[in-house]
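When a residue number appears, it is its place in the shown sequence, counting from 1. Quick note: numbers below take in every heavy atom, side chains included, and nothing from hydrogens, waters or symmetry partners.
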Amino acid sequence: QVQVVESGGGLVHNGGSLRLSCTLSGRTFSNYGVAWFRQAPGKEREFLAAISWDSSSTEYGDSVKGRFTISRDNAKSTAYLQMNSLKSEDTAVYYCAVKEGLYTRLYIQSTDYKYWGQGTQVTVSS
């Protein structure tokens with residue numbers, strides 16, 4: 001079966017940085033687009049970033065544009081979310097999701113994705 005696993009979350013102070021990782025097993029990683037979402041308590045799941053199978057296209061949510069960078073290494077079957085200049089409002093559970101296809105078009109709705117990781121907690125303290 002397809003397995004998606006996030007890692008790299010933790011506690012960081014305002015202004016700090018974290019890098020999240022997302023691994024896919026059970027399928028060929030390069031056949032999938034990847035996206036990152038987050039969900040804070042009491043809020044809807046929020047789109048953060050997406051990347052196409054070949055890294056030719058990326059898209060970012062307005063709240064993280066300029067601070068977060070999505071990337072991928074198909075040889076390692078891993079995608080990354082580099083998060084800089086973290087703020088308290090970035091505190092959330094962060095999820096990786098994948099969507100099969102070689103499209104360069106990017107999908108930013110959570111309902112577009114079938115396969116999800118279990119999430120990794122990111123806490124930013126003031």
Side-chain angles (χ1 to χ4, degrees):
Q1 295 186 350
V2 175
Q3 184 176 11
V4 181
V5 179
E6 306 96 338
S7 63
L11 176 65
V12 65
H13 290 99
N14 281 344
S17 298
L18 286 173
R19 189 181 73 163
L20 306 182
S21 297
C22 173
T23 61
L24 173 71
S25 62
R27 296 291 189 276
T28 301
F29 183 68
S30 60
N31 290 341
Y32 291 80
V34 178
W36 288 93
F37 296 80
R38 69 185 179 190
Q39 189 162 23
K43 296 184 178 180
E44 293 186 343
R45 191 160 296 186
E46 177 188 13
F47 169 76
L48 300 176
I51 189 168
S52 62
W53 70 277
D54 60 352
S55 300
S56 64
S57 300
T58 58
E59 181 68 28
Y60 295 93
D62 289 341
S63 65
V64 303
K65 195 171 299 181
R67 298 189 298 126
F68 290 11
T69 303
I70 189 170
S71 62
R72 66 188 295 161
D73 185 342
N74 286 344
K76 296 181 178 180
S77 296
T78 302
Y80 305 94
L81 185 68
Q82 178 67 46
M83 306 186 295
N84 298 326
S85 301
L86 285 164
K87 311 170 183 178
S88 295
E89 53 262 43
D90 294 318
T91 296
V93 177
Y94 284 67
Y95 297 92
C96 178
V98 303
K99 179 179 176 64
E100 186 174 13
L102 301 180
Y103 301 100
T104 55
R105 172 185 173 184
L106 300 177
Y107 298 84
I108 65 172
Q109 302 295 325
S110 61
T111 52
D112 291 325
Y113 292 85
K114 181 178 180 179
Y115 302 108
W116 294 78
Q118 294 184 353
T120 185
Q121 176 71 45
V122 172
T123 302
V124 184
S125 65
S126 60

Less than 4.5 Å apart, side chain to side chain, heavy atoms only: is that true for [X] and [Y]?
| X | Y | value |
| --- | --- | --- |
| Arg67 | Tyr60 | no |
| Leu81 | Thr69 | no |
| Val122 | Leu20 | yes |
| Val64 | Trp36 | no |
| Val12 | Ser17 | no |
| Cys22 | Val4 | yes |

Between the main-chain N or O of [Y] and the side-chain N or O of [X], is there a donor-acceptor pair closer than 3.5 Å?
| X | Y | value |
| --- | --- | --- |
| Glu6 | Cys96 | yes |
| Asn14 | Ser88 | yes |
| Arg72 | Phe29 | yes |

Nearest 0.5 Å, what's the [atom1]-[atom2] distance between [X] and [Y]?
| X | Y | atom1 | atom2 | value |
| --- | --- | --- | --- | --- |
| Asp73 | Thr23 | CG | OG1 | 12.5 Å |
| Glu100 | Asn31 | CD | CG | 6.0 Å |
| Ser56 | Tyr103 | OG | OH | 14.0 Å |
| Gln82 | Ile70 | CD | CD1 | 12.0 Å |
| Ser126 | Lys87 | OG | NZ | 14.5 Å |
| Arg27 | Gln3 | CZ | CD | 12.0 Å |

If every non-hydrogen atom of [X] is compared with every non-hydrogen atom of [Y], which pair is closest and at what distance?
| X | Y | answer |
| --- | --- | --- |
| Ala50 | Tyr107 | CB-O, 4.1 Å |
| Thr78 | Ser21 | CG2-CB, 4.1 Å |
| Ser85 | Asp90 | O-OD2, 4.3 Å |
| Leu102 | Ser30 | CD2-O, 3.6 Å |
| Ala40 | Ala92 | N-CB, 3.8 Å |
| Thr58 | Ile51 | CG2-CG1, 3.8 Å |

How about [atom1] on [X], more than 12 heavy atoms from neighbouring residues, nucleotides or ligands closer than 6.0 Å, or not?
| X | atom1 | result |
| --- | --- | --- |
| Gln118 | CD | no |
| Lys76 | NZ | no |
| Glu89 | CD | yes |

Among Gln121, Arg38, Gln39, find the residue that satisfies the side-chain hydrogen bond (donor to acceptor under 3.5 Å, both in side chains) test when tested with Tyr94.
-> Arg38

Could you tell me whether Lys65 and Asp62 make a salt bridge, using a distance below 4.0 angstrom between a side-chain N and a carboxylate O?
-> yes

May I ask whether Tyr115 and Leu48 are part of the same hydrophobic cluster, defined by side-chain heavy atoms of I, L, V, M, F, W, Y residues being less than 4.5 angstrom apart, directly or through others?
-> yes

Establish, from distance only, whether the side-chain atoms of Ser57 and Glu59 form a donor-acceptor pair under 3.5 Å.
-> no

Given Tyr95, Phe47, Phe37, the one that forms ring-ring contact (aromatic ring centres under 6.0 Å, His included) with Tyr113 = Phe37

Hits for ring pair (Phe, Tyr, Trp, His ring centres under 6.0 Å) against Trp53, two or more places apart or cross-chain, chain-then-number order -> none

